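Model, not experiment: these values are computed from the prediction.
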Amino acid sequence: MKKYVMMMVSLLITGSLIVSGCGKNTEQNSGNGSGDSNNSHTATTGEMHHSDSGELPQGLMEKVDPTYPVGSQVIMSADHMSGMKGATATIVGAYETTVYAVTYTPTTGGEPVKNHKWVIQEEIKEPNDKPSKVGAEVVLDADHMPGMKGAKATVDSAKQTTVYMVDYIPTTGGDLVKNHKWVTEDELSAE
């Protein structure tokens with residue numbers, strides 16, 4: 001009986017470590033370096049989660065002749081999540097679109113997530129033909145974090161650019177992150 005109890009405790013601890021290791025310290029960098037917890041993926045709302053399916057939003061167009069072609073190696077300067085900045089990544093896809101930083105309140109409740117980077121035009125429900133402007137209210141179709149899909153959001157910034165889907169191993173260690181969505185061209189440099 002004692003062995004059984006010890007085994008169960010061990011399994012619970014291991015499971016907790018695995019779950020907590022799936023991005024608990026995944027901060028959303030606002031670009032101001034303040035480290036404000038309201039600008040984080042974990043600001044009481046949960047952590048970034050990854051789908052390795054590589055499924056793309058309907059209507060997303062591949063970039064013709066991107067700066068970083070599929071299969072090329074790059075260094076990321078993006079700091080959306082712990083272990084991302086400085087990591088070597090492999091380009092999985094390159095797409096031309098409008099990219100947004102948004103503030104939204106998760107549908108699961110909790111505090112607003114400020115300056116979430118990035119949501120693309122094709123991840124907004126019923127998008128207009130024209131990109132949304134800063135301050136516009138939109139409904140998110142993206143599912144990057146728990147409570148994001150269907151949430152009402154305010155556009156904090158918008159720009160037309162090339163976005164990339166990448167595979168990388170975090171600089172903090174851990175497993176390969178597959179099909180991470182999204183990194184902008186200005187967050188990458190040649191290896």
Side-chain angles (χ1 to χ4, degrees), residues 23-51 54-64 66-68 74 76-82 84-85 89 93-166 177 179-189:
K24 274 291 183 193
N25 294 317
T26 56
E27 291 187 1
Q28 181 73 30
N29 186 348
S30 66
N32 64 10
S34 69
D36 182 353
S37 66
N38 284 336
N39 290 328
S40 82
H41 280 295
T42 60
T44 71
T45 62
E47 65 278 348
M48 187 89 160
H49 64 93
H50 300 283
S51 167
E55 187 176 336
L56 298 172
Q58 188 172 2
L60 184 60
M61 302 298 291
E62 282 189 38
K63 170 74 173 178
V64 175
T67 302
Y68 304 109
V74 294
M76 294 190 292
S77 63
D79 199 15
H80 308 167
M81 299 172 48
S82 178
M84 191 175 221
K85 189 171 187 172
Y95 311 94
E96 189 66 30
T97 190
T98 300
V99 67
Y100 301 100
V102 296
T103 294
Y104 70 97
T105 300
T107 59
T108 53
E111 295 296 316
V113 175
K114 296 181 181 177
N115 201 42
H116 172 85
K117 296 179 183 172
W118 300 105
V119 174
I120 61 172
Q121 179 73 23
E122 294 77 10
E123 293 176 319
I124 293 177
K125 283 191 177 182
E126 300 178 22
N128 297 325
D129 291 338
K130 296 180 181 176
S132 297
K133 296 185 187 271
V134 172
E137 299 272 327
V138 297
V139 176
L140 303 177
D141 200 30
D143 194 23
H144 304 170
M145 295 174 56
M148 181 179 243
K149 190 169 183 124
K152 292 180 182 175
T154 302
V155 174
D156 297 326
S157 70
K159 65 180 174 180
Q160 181 75 28
T161 189
T162 303
V163 294
Y164 294 86
M165 185 186 317
V166 297
V177 176
N179 300 319
H180 175 78
K181 301 172 191 166
W182 305 101
V183 182
T184 59
E185 189 159 287
D186 60 355
E187 295 174 318
L188 302 174
S189 59

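Note that NZ of Lys125 is 9.0 Å distant from CG of Leu140, once rounded to the nearest 0.5 Å. To the nearest 0.5 Å, atom CD of residue Glu55 and atom CG of residue Asp143 are 10.0 Å apart. For the atom pair CD (Gln121) and CE (Met61), the distance works out to 14.0 Å, reported to the nearest 0.5 Å. Taking CG from Leu56 and CG from Asn179, the interatomic distance works out to 8.5 Å, rounded to the nearest 0.5 Å.
Scored by the ring-ring contact (aromatic ring centres under 6.0 Å, His included) test, Tyr164 finds Tyr68 as partners (sequence neighbours excluded). For Thr103, the side-chain hydrogen bond (donor to acceptor under 3.5 Å, both in side chains) partners at least two apart in sequence or on another chain are Asp156. Scored by the side-chain hydrogen bond (donor to acceptor under 3.5 Å, both in side chains) test, Thr161 finds no partners at all (sequence neighbours excluded). Every residue two or more places apart in sequence or in another chain was checked for a side-chain hydrogen bond (donor to acceptor under 3.5 Å, both in side chains) with Thr105, and none qualifies. Not counting sequence neighbours, Glu62 has no partner by the side-chain hydrogen bond (donor to acceptor under 3.5 Å, both in side chains) test.
Other residues, nucleotides and ligands contribute more than 12 heavy atoms inside 6.0 Å of the CD atom of Gln160.
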(request) Could you go through the side chain to side chain contact (heavy atoms under 4.5 Å, CB included) check for Met165 and Leu60 one step at a time? (result) CA-CA 12 Å; Met165 185 186 317; Leu60 184 60; over 6 Å; no
(request) In sequence, state the C-alpha distance, the side-chain angles, and the governing distance for Met81 and Val177, and then conclude on side chain to side chain contact (heavy atoms under 4.5 Å, CB included). (result) CA-CA 11 Å; Met81 299 172 48; Val177 176; 5.7 Å; no
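Here the closest heavy-atom approach between residue Asn115 and residue Ala101 is recorded as OD1-CB, 3.3 Å.
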Expected list for residues 147-155: side-chain donor-acceptor pairs under 3.5 angstrom, two or more places apart:
residue, atom, partner, partner atom, Å
Lys149, NZ, Asp141, OD1, 3.4
Thr154, OG1, Glu137, OE2, 3.2

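Trp118 and His80 have perpendicular rings, their planes meeting at more than 60° on a 0 to 90° scale where under 30° would count as parallel.
Counting only distance, with no hydrogens or angles, the side chain of Ser77 and the backbone of Glu187 share a donor-acceptor pair below 3.5 Å. Between the side chain of Tyr100 and the backbone N or O of Ser132 there is at least one donor-acceptor pair closer than 3.5 Å.
For the side-chain hydrogen bond (donor to acceptor under 3.5 Å, both in side chains) with His144, the lone residue among Lys181, His180, Glu123, Lys117 that qualifies is Glu123.
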